[in-house]
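Below: one structure, written as structure tokens.
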Amino acid sequence: MTTSFGAHISGWGFAAGSQVVTNDDLAHMGLDTSDEWIASKTGIRQRHYATETESTGTLATAAGRAAIERAGIDPTDIDLLVVATCTPEQPMPHTGAFVGEALGLRCGSFDLNTACSGFVYGLVSAAQFVHGGLRHVLVIGAETMSRITDPADRGTRVLFGDGAGAVVLGRHDGPSALLGWDLGCDGSATGVLEM
């Protein structure tokens, strides 16, 4: 099927957990590390953790609201919501149900769990829906990794924080702004990082 329209990002937003955690904070929490070690290995000096009143859903909602506002559209203009997360609000119903309700969306939604690559898979999926005829797809990547990483494992605890990023992918005349992608998965590496 050839179309005369493409997909482009018309709005974006983000949210981060309210609690700022520095490398020194992690060292004082009993993690066998230091600011110098973390910064030299990762370049990271601080990360954000969700507070008790924040969750994957609330961070996703804040990021999604900002993306919709920047796109200059109404929440009811969204035709589909895709939430990429491996730290869902709860196992069932999906996080998209909570986010869609909080944003006032009146469309379908689904969650996508491919961990670090989730937002990329969500963006590629959304582009296909736009090419199929939808006008606006909201894509949100949201995680609360601080709730699932081992506080004593400096190999993972120093890397991850909590936050969300969102885009509205909209239809426009002309070619798609998403020029291409190369998706893949090496299943032989599943034991490298697991929950």
Side-chain angles (χ1 to χ4, degrees), residues 1 3 5-17 42-44 47-48 50 55-68 70-71 78-89 94-100 103 105 107-149 155-156 158-172 174-195:
M1 176 174 91
T3 60
F5 56 86
H8 74 124
I9 293 173
S10 58
W12 60 272
F14 68 92
T42 67
I44 299 169
R47 73 275 311 129
H48 291 257
S55 67
T56 299
T58 63
L59 295 173
T61 299
R65 181 173 288 114
I68 291 169
R70 278 198 178 89
I78 299 294
D79 299 315
L80 178 67
L81 167 63
V82 180
V83 177
T85 185
C86 68
T87 55
E89 193 72 7
H94 65 292
T95 302
F98 295 98
V99 175
L103 290 174
L105 306 186
C107 62
S109 66
F110 64 89
D111 285 6
L112 191 124
N113 177 356
T114 53
C116 296
S117 60
F119 189 84
V120 173
Y121 275 86
L123 187 64
V124 171
S125 298
Q128 303 315 303
F129 281 104
V130 170
H131 288 294
L134 298 185
R135 297 197 61 82
H136 303 286
V137 180
L138 178 60
V139 181
I140 304 173
E143 301 292 359
T144 48
M145 297 297 289
S146 70
R147 301 210 169 126
I148 65 167
T149 52
T156 56
V158 302
L159 297 175
F160 298 111
D162 304 333
V167 296
V168 173
L169 201 64
R171 184 193 306 182
H172 77 113
S176 182
L178 184 58
L179 302 179
W181 56 87
D182 183 12
L183 303 178
C185 177
D186 181 0
S188 69
T190 57
V192 173
L193 187 62
E194 60 187 353
M195 182 175 69

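Heavy-atom basis, side chains included; hydrogens, waters and symmetry copies ignored. Sequence positions, counted from 1, serve as the residue numbers for this chain.
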Taking all atoms of both residues into account, what is the closest heavy-atom pair of [X] and [Y], and its distance?
X: Leu80; Y: Phe110; value: CD2-CE2, 4.0 Å
X: Thr87; Y: Ala142; value: OG1-O, 4.1 Å
X: Phe160; Y: Met145; value: CB-CB, 3.5 Å
X: Thr95; Y: Gly57; value: CG2-CA, 4.1 Å
X: Ser146; Y: Ala50; value: OG-N, 4.4 Å
X: Val83; Y: Gly96; value: CG2-CA, 3.8 Å

If you round to the nearest 0.5 Å, how far is [atom2] of [Y] from [atom1] of [X]?
X: Ile140; Y: Leu59; atom1: CD1; atom2: CG; value: 10.5 Å
X: Leu193; Y: Cys116; atom1: CG; atom2: SG; value: 6.5 Å
X: Ile68; Y: Leu103; atom1: CD1; atom2: CG; value: 5.0 Å
X: Gln128; Y: Leu123; atom1: CD; atom2: CG; value: 10.0 Å
X: Arg147; Y: Asp162; atom1: CZ; atom2: CG; value: 6.5 Å
X: Ser109; Y: Ile78; atom1: OG; atom2: CD1; value: 12.0 Å

Scan side-chain atoms only and decide if Thr85 and Glu143 contain a donor-acceptor pair under the 3.5 Å cut-off.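 Result is yes, a qualifying pair exists.
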Is any side-chain heavy atom of [Y] closer than 4.5 Å to one of [X]?
X: Glu89; Y: Thr56; answer: yes
X: Arg171; Y: Leu134; answer: no
X: Ile44; Y: Val158; answer: no
X: Phe129; Y: Leu169; answer: no
X: Val120; Y: Trp181; answer: no

Between the main-chain N or O of Asp79 and the side-chain N or O of Arg135, is there a donor-acceptor pair closer than 3.5 Å?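 Answer holds: no.
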Would you please classify the geometry between the Phe5 ring and the His131 ring as parallel, tilted or perpendicular, with 30° and 60° separating the classes?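 Ring orientation, 0 to 90° scale: parallel.
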Only distances under 3.5 Å count here; give the side-chain donor-acceptor pairs of residues 6-17 to other protein atoms, sequence neighbours excluded, each with its distance to 0.1 Å.
| from | atom 1 | to | atom 2 | distance (Å) |
| --- | --- | --- | --- | --- |
| Ser10 | OG | Val168 | O | 3.4 |

